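Source: prediction; values computed, not measured. So that the names make sense, note that chain A is the first sequence line, chain B the second, and so on, each numbered from 1.
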Amino acid sequence: MELSVAARAALYNTPQAAMATPQLLPLELIDKCIGSRIWVKMKTEKEFVGKLLGFDDYVNMVLEDVSEFETRGMSKRIASRKQILLNGNNICMLVPGGRGPAVD
Amino acid sequence: MSEPANKRTPTDFLNSILGQRVFVRLNSGIDYKGLLSCLDGYMNIALEQTEEYVDGELRNRYGDAFIRGNNVLYISAI
């Protein structure tokens, strides 16, 4: 069945149509994490856990109440910081709500 | 999209720490502490009264220092 342009627009503008949208872009997922804790794994053997305050297009991130971990061998916490700007260049993976690595 | 009130982008953070004492950790593990005099979007950093720490031990002091942004792991206010 052919719909007019107006009819199609009306159809897609319904809240139901918006809610049914299956696509969530990767950075939209991270945007939803703002204000909650997140686990950041780097390309190197380093990990960070903290509350995400914001990020930019390069995925540089501002984190609060941060724990820094060295994950060579058994994980160990090496530093705690109030607020940091983490360079996005070496970030490998982000885990929303992450508790961080198991510390021995 | 509505912005949460507590949202704080990298640019906001950088503007808020200008002129403060900061801690900078490089990818190599070397740390610098100093007064942040200016920086840019590449995370290039100019520090004053800079102290250089290797393995947590003070190794050097510099009056002024420039750090190229690609080496920076993170910046933290102290």
* Asked: Which residue out of A:N90, A:N89, A:V66 racks up the most heavy-atom pairs below 4.5 Å with chain B?
  -> A:N90
* Asked: Does the side chain of A:C92 reach to within under 4.5 Å of the side chain of A:K43, using non-hydrogen atoms?
  -> yes
* **Heavy-atom contact with chain B under 4.5 Å, split by part of A:E68** => side chain
* To do: Return the minimal non-hydrogen interatomic distance between A:R72 and A:E45, and the atom names on each side.
  => CA-OE1, 3.1 Å
* To do: Please lay out, stage by stage, how A:K41 and A:E47 fare under the test salt bridge (Lys or Arg N to Asp or Glu O under 4.0 Å).
  => CA-CA 5 Å; A:K41 297 173 71 119; A:E47 300 179 7; 3.6 Å; yes
* Report yes if the side chains of A:L52 and A:M61 come closer than 4.5 Å at any heavy-atom pair, otherwise no. => yes
* Output the residues of residues 10-42 of chain B for which the shortest heavy-atom distance to chain A is under 4.5 Å, in residue-number order; output 'none' if no such residue exists. => B:P10, B:F13, B:L14, B:F23, B:R25, B:N27
* Could you go through the side chain to side chain contact (heavy atoms under 4.5 Å, CB included) check for A:N60 and A:L85 one step at a time? => CA-CA 7 Å; A:N60 298 317; A:L85 171 58; 4.2 Å; yes
* Considering all heavy atoms, the nearest A:Q83-B:R8 contact -> OE1-NH2, 2.9 Å
* **Residues of residues 50-78 of chain B with any heavy atom under 4.5 Å of a heavy atom in chain A** => B:G69, B:V72, B:L73, B:Y74, B:I75, B:S76, B:A77
* Asked: Which heavy atom in A:I84 sits nearest to a heavy atom in A:R81, and how many Å separate them?
  -> CG2-CB, 3.8 Å
* Taking a hydrophobic cluster as the set of Ile, Leu, Val, Met, Phe, Trp and Tyr residues connected by side-chain heavy atoms closer than 4.5 Å, whether directly or through intermediates, do A:M93 and A:W39 fall within one such cluster? -> yes
* **Student check: side-chain heavy atoms of B:T9 and A:F55 closer than 4.5 Å** => no
* Structure fact -> So, the part of A:Y58 with a heavy atom under 4.5 Å from chain B: the answer is neither
* Asked: Looking only at heavy atoms, what is the nearest atom pair of A:K46 and A:T71, with distance?
  -> N-OG1, 3.8 Å
* Side chain, backbone, both or neither: which part of A:I91 has an atom under 4.5 Å from a heavy atom of chain B? -> neither
* To do: Check A:N87 against B:M43 and note the closest heavy-atom contact, atom names and distance.
  => CA-CE, 3.5 Å
